[in-house]
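This report concerns only the one structure given below.
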Amino acid sequence: MIINVEAVPIEQVEADALVVLGLEKDAGRGAYLSRANELTGGWVDELYASGEFNGKALEIALLHRPAGLKAKRLVVVGGGKTPVDARRAAGTAVRAMKSKGVRSIAFAFDSEAAAVVEGALLGEYEPDRLKSERAKPVDTLTVLGASEQEVRRARIIAEAQNFARDLANEPANLMTPSVLAQRAREMAAAAGLECEILDRDRMTQMGMGALLGVAQGSEEAPALIVLRYKPDSPAGGGHLGLVGKAVTFDTGGISIKPSDGMEKMKYDMCGGAAVIAAMRAIAELKPAVPVTAFIPAVENMPGGRAQRPGDIVRTLSGKTVEVLNTDAEGRLILADALSYARTLGCTHLVDAATLTGAIVVALGHVNTGVFASDEALAEKVLGAAKSAGEKMWRMPLDEDYQEQLKTPFADMPNIGTRWGGAITAAAFLEAFADDTPWAHLDIAGTAWLDDAKPYLAKGPTGVAVRTFIELALGWST
Ligand code: BES
Ligand code: MN
Ligand code: ZN
């Protein structure tokens with residue numbers, strides 16, 4: 001897509017659609033909307049007075065051949081009051097116009113140019129790569145009153161998020177651990193990152209028994225993908241480690257899942273996809289902190305060599321784990337990845353994983369659950385999420401939850417009791433992060449949209465990509 005930054009009066013903008021933001025009445029009327037009102041002889045006044053449009057988030061109104069404007073259509077989209085709404089407003093306008101065959105869109109929003117570019121690019125995305133007839137893309141985006149620099153940055157971020165969605169959207173027959181590793185390698189070569197892939201033999205030598213135990217039921221070889229970003233002149237002493245769960249398909253293994261809805265488990269690699277994609281943007285935006293990414297990639301299958309409930313594995317940390325449920329596999333592969341990240345000198349760890357159904361029960365599809373062993377890191381992550389416009393909510397993680405993780409046969413079981421399942425999963429991971437400050441994002445409820453929103457297609461959302469990028473860019477220790 002071509003993105004133009006322009007500084008012309010709105011009457012001179014040439015586009016299939018010119019979109020202006022219409023806020024709620026008490027939030028005031030922006031300069032662009034006022035100007036559009038003047039040019040059209042009071043169309044905006046009439047629109048609000050009619051009660052058909054109130055500026056609420058995602059409302060939309062359209063005028064053809066607007067008087068005094070060069071654009072073919074004038075579109076007013078409801079922006080509510082907040083930056084999140086500006087992002088969604090732009091996405092809504094793009095999706096609504098796209099379905100009408102509009103190919104060029106100009107945005108005249110009074111502020112939030114970055115959110116507009118991000119929202120537009122995210123709204124434009126369709127998960128239809130494998131359809132014979134694909135949706136026609138919007139090919140030109142014009143943004144009024146923005147700086148080239150903020151548009152460049154927003155574009156890098158949104159394109160990274162769409163890259164994560166592309167990776168996650170691939171079906172599991174086409175996106176195996178080896179394919180994911182290959183995609184990461186290609187990305188790294190293009191972006192100038194170091195990339196190292198640990199194969200099964202290497203992981204066996206090192207003693208990653210938890211990761212290998214999950215992988216052994218599948219014909220697909222596992223991979224531990226490592227990506228390194230090194231700043232030219234690092235500031236501060238920190239070294240950020242990003243870890244992402246990439247189960248390319250989760251059948252549950254021998255503790256097999258019900259077949260109903262199992263097709264969704266191709267998205268069990270969204271944490272890994274988010275980390276790979278964030279690294280691409282980090283390579284371009286060059287924060288001052290070193291960042292290393294760890295993506296354990298496996299397929300969880302119930303093959304003849306699959307691990308059984310009751311099997312005991314030795315993790316890289318030396319701790320033994322009794323695998324009471326083979327469907328609690330994400331925490332097993334993350335355990336070894338977290339230990340490995342520690343041995344490579346990461347001072348702070350943040351992971352993202354579609355880890356538990358329980359987080360969906362707790363927070364629904366709205367907020368990502370945030371767990372942390374360290375208050376300062378929790379603040380950093382939540383702050384980054386807020387600036388990035390991603391909704392996240394802190395969950396508790398106190399000592400008492402560790403009580404559930406006891407077994408007479410090994411150092412730990414891989415599941416707790418029925419209750420507080422998202423928290424016991426986090427408590428399990430915490431044991432492997434050990435004394436390294438660590439935060440965990442459970443994205444099981446937010447990584448996938450079951451139904452399209454006006455501003456976003458059905459399917460993978462690319463959640464956590466923006467938060468990771470923001471976290472690295474704003475890093476200070
Ligand atoms: N990948 C799933 C978690 C999940 C469930 C993601 C639903 C998205 C939607 C994870 O590997 C899993 O199966 N977790 C189990 C844990 C249980 C066996 C303790 C779960 O949540 O049911
Ligand atoms: Mn599972
Ligand atoms: Zn899983």
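Both ligands and their constituent atoms are indexed starting at 1 by order of listing. Everything numeric in this text was worked out from a predicted model, so none of it was measured.
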The N/O/S atom of Asp250 lying closest to the Mn ion (ligand 2) is OD2
Would you call Lys257 and Asp327 a salt bridge, taking side-chain N to carboxylate O under 4.0 Å as the test? yes
The option among Leu355, Leu324, Val360, Asn325 carrying the non-hydrogen atom nearest to atom 10 (C) of ligand 1 is Leu355
Of all N, O or S atoms in Glu329, the one closest to the Mn ion (ligand 2) is OE1
Can you tell whether the side chains of Lys245 and Asp351 come within less than 4.0 Å, N to carboxylate O? no
Taking only non-hydrogen atoms of Tyr267 and a 4.0 Å limit, the atoms of ligand 1 in range are 8 (C), 9 (C)
Does any N or O atom in Asp268 lie less than 3.5 angstrom from one in ligand 1, N or O only? yes
Audit row: Glu124, Lys136, salt bridge (Lys or Arg N to Asp or Glu O under 4.0 Å) steps and yes/no: CA-CA 10 Å; Glu124 220 286 315; Lys136 293 240 161 34; over 6 Å; no
Of Lys131, Lys458, Arg134, Arg95, the one forming a salt bridge (Lys or Arg N to Asp or Glu O under 4.0 Å) with Glu126 is Arg95
Using a strict cut-off of less than 4.0 Å between a Lys/Arg side-chain nitrogen and an Asp/Glu carboxylate oxygen, indicate whether Asp311 and Arg308 qualify as a salt bridge.
yes
A student checking ligand 1 against Glu329 at a 4.0 Å heavy-atom cut-off should list atoms 11 (O)
Should we say atom CZ of Arg394 is surrounded by more than 12 heavy atoms from elsewhere, each under 6.0 Å from it?
yes
Margin query: Surrounding NZ of Lys319 (heavy atoms of other residues, nucleotides or ligands, distance under 6.0 Å), is the total greater than 12?
Written below: yes
Of Lys257, Met265, Arg331, the one whose closest heavy atom lies nearest atom 7 (C) of ligand 1 is Met265
Logged contact type for Lys245 with ligand 1, heavy-atom cut-off 4.0 Å, is side chain
Taking only non-hydrogen atoms of Ala444 and a 4.0 Å limit, the atoms of ligand 1 in range are 6 (C), 8 (C)
Regarding Asp268, does it place an N, O or S atom less than 2.8 Å from the Mn ion (ligand 2)? no
_Test your reading of the model: is there a side-chain donor-acceptor pair from Arg331 to the backbone of Asn414, 3.5 Å cut-off?_
yes
Closest to atom 21 (O) of ligand 1 (heavy atoms only, candidates Ala447, Gly445, Gly357, Gly421) is Gly357
Separation between NE2 (His239) and CG (Leu349), nearest 0.5 Å, reads 9.0 Å
N-O pairing of Arg183 and Asp166 below 4.0 Å
no
Numbered in order shown, the ligand 1 atoms found under 4.0 Å of a heavy atom of Ile415 are 19 (C)
Tell me whether the rings of Phe428 and Phe432 are parallel (<30°), tilted (30 to 60°) or perpendicular (>60°). tilted
Against the six-membered ring of Tyr455, is Arg87 placed for a cation-pi contact (under 6.0 Å from the centre, within 45° of the normal)? no
| N-O pairing of Glu470 and Arg153 below 4.0 Å | yes
Atom 2 (C) of ligand 1: closest protein heavy atom, distance to 0.1 Å, is Asp250 OD2, 3.6 Å
For Thr354, the ligand 1 atoms with a heavy-atom partner under 4.0 Å come out as 1 (N), 2 (C), 3 (C), 6 (C)
closest protein heavy atom to atom 15 (C) of ligand 1 is Asp327 O, 4.0 Å
The expected count of protein N/O/S atoms at less than 2.8 Å from the Zn ion (ligand 3) is 4
